[in-house]
Amino acid sequence: MTRPTTWARRLVTAFAALLAVTTVPATAHAGTGPEAPADFVTLRSVAPMILQDIRYFTPHNFVGEPIDGYRQPLCLLTRPAAEALAAAQTRLLSQGYTLKVYDCYRPQRAVDHFVRWAQDLDDQAMKAEFYPEVDKTRLFADGYIAERSGHSRGSTVDLTVVRLPARPTRPYHPGQPLVACTAPRAERFPDNSVDMGTGFDCFDTLSHTADPRVQGARRANRLLLKDTLEDLGFANLPEEWWHFTYKPETYPDTYFDFPVSAASLTGRP
């Protein structure tokens, strides 16, 4: 099959973006205030032993640069979601593991940044690691990028499991050689988490939680995370082993846009 011309590829992407807009629920509304509601907290104030590796504050993500709205490397969540994560952490600590979060509350401006990047078909700097087998024209249609994210409602978290004692992970340096997120763990960018079969934010069907190609210890690791969190009220997104939403959501229809910053909590912890 020949590759689409530039204008055709842009037309496909624009059409997909339009579909994404029209499928947002009619009841959804924006929370555009500069401060978080009173029931948002820092995860560290509730569960200080949970590790944090906030990827969108750094350039090590599928865009390749820090994402709009991430002013500090913090995990912000609604209090019920944070307290449920604290309970999950207690269970895992007793088994010799800890949780590590990659992303928590995500402002709408960050989602808008993702959308702009996805529409720029010439920017494929991070393809080799994060979407090696997916054509960028498919990101909207295949559901990897959308105009709205559950993360913006404050009760969704991306996370993994780390065996204790946690090993340090070397930092990412922009421009370094990239390795596919689907490669064997020993070849991928180092992460001190247990082997989940892919890296975080891997745009590939291998990231589906129950993908039958993921077996043995890797499948057991996914189930450890999934079963622990589901027992405490979280629901997994089947397409992403790392993605969980606490139910019932405190704000099921509101997409907030305050920045990821301690200042958004108006002086609270």
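Heads up: numbering here begins at 1 and tracks the sequence. Keep in mind that the numbers below use all heavy atoms, side chains included, and drop hydrogens, waters and symmetry copies.
Of the residues F114, F62, F130, the one that meets the ring pair (Phe, Tyr, Trp, His ring centres under 6.0 Å) test with F203 is F62.
Pairs passing the ring-ring contact (aromatic ring centres under 6.0 Å, His included) check and including a residue from residues 207-226, sequence neighbours excluded, do not occur.
The two atoms that bring N236 and P238 nearest to each other are O-CD, 3.3 Å, heavy atoms only. The two residues V41 and A82 have their closest heavy-atom pair at CG2-CB, 3.8 Å.
Ring-plane geometry between Y105 and F40 is classed as perpendicular, the angle between the planes exceeding 60 degrees on a 0 to 90 degree scale with a lower cut at 30.
Remark: R185 CZ is packed, more than 12 non-hydrogen atoms of other residues, nucleotides or ligands lying under 6.0 Å away. Within a 6.0 Å radius of CZ in R188, other residues, nucleotides and ligands contribute more than 12 heavy atoms. A 6.0 Å sphere centred on CZ of R44 holds no more than 12 heavy atoms belonging to other residues, nucleotides or ligands.
With salt bridges taken as basic N to acidic carboxylate O contacts below 4.0 Å, one links R91 and D231. Ion pairing of R109 with D257 is present here, as a side-chain N (NZ or NE/NH1/NH2) and a carboxylate O approach within less than 4.0 Å.
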request  = Walk me through it: do E239 and S207 pass the test side-chain hydrogen bond (donor to acceptor under 3.5 Å, both in side chains)?
outcome  = CA-CA 6 Å; E239 291 79 17; S207 294; over 6 Å; no
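Separation of atoms SG (C104) and OH (Y56) is listed at 11.5 Å; rounding is to 0.5 Å. With values rounded to the nearest 0.5 angstrom, L178 atom CG is found 5.5 Å from Y172 atom OH.
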